[in-house]
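Worth saying up front: this structure is predicted, and the values here are computed from it rather than measured. Here is how names work: the chains are called A, B, and so on, in the same order as the sequence lines, proteins then strands, and each is numbered from 1.
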Amino acid sequence: KAGVTQTPRYLIKTRGQQVTLSCSPISGHRSVSWYQQTPGQGLQFLFEYFSETQRNKGNFPGRFSGRQFSNSRSEMNVSTLELGDSALYLCASSAGLAGGHNEQFFGPGTRLTVL
Amino acid sequence: SQQGEEDPQALSIQEGENATMNCSYKTSINNLQWYRQNSGRGLVHLILIRSNEREKHSGRLRVTLDTSKKSSSLLITASRAADTASYFCATAGREYGNKLVFGAGTILRVKS
């Protein structure tokens, strides 16, 4: 089985722009979670989708949004980019509901740099 | 927010030695997971231990969980240079809405 894929792998944007990141989960996995990783804040949960519904949300401003499609692929969008949004964005998929119930399989991440 | 705190923050050992990392958390949990990350890449799941389990093994890995002390430890035996990575514990419980909350991680360096 192919692993979790994320596109693009690297992205450079300027402040005020918006960005869309994509994640394709492992075939058959219906749960997709997103995380932001920065040196200062570590790994922080953004949101989780299961069967096209947002099941859980982290403590991030409304500029961060996401969605999941019927084929379980997910996208996250960040609008009005700020310098502090520079981070590694990780997507993870799980066979069932994620959270603490199942192991999560992570993609390689998208490295976003905001200038 | 970070529920788990790993100790030590960094660890440097010789190949062949054992490495022990500890994780403490604050609230009751459903279970606790350990992940490894190589050089800012994606995380790899190592072990999931449920709140009613005390010990789990996987190859050279041994994880213990003490819910009374709200702590867990990860032991890597006979370490190899390839074990060099960051190791994170992650917990999920009702008080955090069952989302996975990661600690700050332990950076392990295995010298050959």
Side-chain angles (χ1 to χ4, degrees), chain A residues 2-7 9-10 21 23-26 29 31-50 54-60 66 86-113, chain B residues 1-7 9-10 23 25-53 56 58 61 63 65 67 70 72 85-107:
Chain A
V4 177
T5 58
Q6 292 187 246
T7 56
R9 293 291 311 279
Y10 302 91
L21 312 181
C23 171
S24 292
I26 290 172
H29 285 191
S31 170
V32 173
S33 297
W34 289 89
Y35 298 86
Q36 180 197 65
Q37 186 177 29
T38 60
Q41 299 298 315
L43 274 155
Q44 295 192 89
F45 174 83
L46 280 157
F47 22 65
E48 176 196 349
Y49 288 88
F50 183 83
Q54 188 179 88
R55 290 303 183 108
N56 220 330
K57 190 176 189 304
N59 190 25
F60 278 81
S86 293
L88 180 67
Y89 289 87
L90 293 161
C91 164
S93 77
S94 177
L97 271 172
H101 302 291
N102 296 291
E103 66 177 290
Q104 296 189 39
F105 296 83
F106 281 79
T110 293
R111 174 77 61 185
L112 171 65
T113 302
Chain B
S1 61
Q2 287 175 345
Q3 138 104 300
E5 291 185 9
E6 283 91 341
D7 170 56
Q9 290 185 335
C23 169
Y25 55 92
K26 298 170 188 170
T27 66
S28 62
I29 59 171
N30 295 325
N31 54 54
L32 184 146
Q33 302 182 39
W34 285 91
Y35 287 83
R36 183 186 77 228
Q37 184 179 37
N38 291 85
S39 264
R41 300 174 68 180
L43 279 74
V44 174
H45 182 268
L46 298 175
I47 284 185
L48 182 154
I49 184 165
R50 302 198 184 280
S51 57
N52 60 354
E53 297 175 310
K56 231 173 167 178
S58 176
L61 307 180
V63 166
L65 178 64
T67 53
K70 291 187 170 59
S72 173
S86 293
Y87 291 81
F88 296 90
C89 70
T91 58
R94 188 177 297 179
E95 292 188 53
Y96 282 86
N98 283 314
K99 59 179 180 276
L100 208 56
V101 179
F102 284 83
T106 292
I107 300 171

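The contact between A:Q37 and chain B is made entirely by side chain atoms (from C-beta outward), counting heavy-atom distances below 4.5 Å. For A:N56, the part lying near chain B is the side chain, with the backbone staying farther off; criterion is any non-hydrogen pair under 4.5 Å. Contact of A:R55 with chain B is not made at all, since no heavy-atom distance falls under 4.5 Å.
Screening A:Y89, A:Y35, A:W34 for a ring-ring contact (aromatic ring centres under 6.0 Å, His included) with A:F106, the sole residue that qualifies is A:Y35.
Between B:F102 and B:Y35, the angle of the ring planes lies from 30° to 60°, which puts this pair in the tilted group.
Under the rule for a side chain to side chain contact (heavy atoms under 4.5 Å, CB included), the partners of B:D7 that lie at least two apart in sequence or sit in another chain are B:N22.
Environment of CG in B:N52: crowded, with over 12 heavy atoms of neighbouring residues, nucleotides or ligands closer than 6.0 Å.
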